[in-house]
Amino acid sequence: MPIPLWTDFASGGLRAAARQTKDAAQARRLLALAAIYDGASRGKAARIGGVTLQIVRDWVLRYHASGPAGLVDRKAPGQAARLNDVHRTALQRRWRAVRSRPSMGWCAVGWSTSASGCGRNTGSRWPSKP
């Protein structure tokens, strides 16, 4: 049994919200829900939205939780940071120490720096082995 839509809104209100929004994905979702208010099946709404029935169900739940604003794309949480503040501080300290050292002469006279790294300037595209 499908989750019923609220009766607080009508299809005209959702269509007006879809016209006013700058977010194309939100407008598509609002228009799909407006079709349901007009009596279309969930399958028809899924075809309008270009998604599956499960996604339409998720849209209805998001719509119930936050209204039309709930249909805006949210930023994905992503993976948790692997470094904590202590690690970051130690890494920054080490980076500053490395950057403050004088040059070790890696690319001295007779050597060239290129996109592939530092190597003898032999006219070859690839650096030769030292």
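All of these numbers come straight from a predicted model, not from anything done at the bench.
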Fill in: Side chain proximity check, D38 to R15, heavy atoms < 4.5 angstrom
yes
Worksheet entry | S66 side chain to A69 backbone, donor-acceptor under 3.5 Å | no
Item to complete: Provide the closest heavy-atom pair for L83 versus R88 in the form atom of the first, atom of the second, distance.
Response: O-NH2, 2.9 Å
Fill in: Short N-O contact, R28 and D23, less than 4.0 angstrom
no
Discussion item. Let me confirm one number: the CD-OG1 distance from Q26 to T21, rounded to the nearest 0.5 Å.
Written reply: 3.5 Å
Item to complete: Kindly work out whether a path of hydrophobic side-chain contacts (I/L/V/M/F/W/Y, heavy atoms less than 4.5 Å apart) joins L31 to V60.
Response: no
Item to complete: Supply the atom-to-atom distance T52 OG1 to R47 CZ, rounded to the nearest 0.5 angstrom.
Response: 12.5 Å
Worksheet entry | Hphob cluster co-occupancy, V51 + L33, side-chain heavy atoms under 4.5 angstrom | yes
Worksheet entry | Smallest separation among heavy atoms of A27 and A18, with atom names | CB-O, 3.7 Å
Worksheet item: Rounded to the nearest 0.5 Å, what separation is found between the CG atom of L30 and the CZ atom of R19?
Response: 11.0 Å
Worksheet item: What's the verdict on side-chain contact (heavy atoms from CB on, under 4.5 Å) for R62 and R74, showing C-alpha distance, side-chain angles and the deciding distance?
Response: CA-CA 11 Å; R62 286 170 53 183; R74 299 175 298 233; 3.6 Å; yes
Worksheet item: Looking at CZ of R82 and NE2 of H87, how far apart are the two atoms once the value is rounded to the nearest 0.5 Å?
Response: 12.5 Å
Practice prompt. Indicate yes or no: at least one non-hydrogen side-chain atom of R96 is less than 4.5 angstrom from one of R99.
Written response: no
Item to complete: State whether the number of non-hydrogen atoms from other residues, nucleotides or ligands found under 6.0 Å of D85 atom CG is greater than 12.
Response: no
Discussion item. According to a hydrophobic-cluster definition based on side-chain heavy atoms being under 4.5 Å apart (Ile, Leu, Val, Met, Phe, Trp, Tyr only), do Y37 and V56 belong together?
Written reply: yes
Discussion item. Looking at every heavy atom in both G49 and A32, which two are closest together, and how far apart are they?
Written reply: N-CB, 4.3 Å
Fill in: Intermediate values then yes/no, salt bridge (charged side-chain N to carboxylate O under 4.0 Å, His left out), D58 and R29
CA-CA 11 Å; D58 294 343; R29 293 171 188 140; over 6 Å; no
Worksheet item: At what distance, to the nearest 0.5 angstrom, does CG of L14 lie from CG of L71?
Response: 8.5 Å
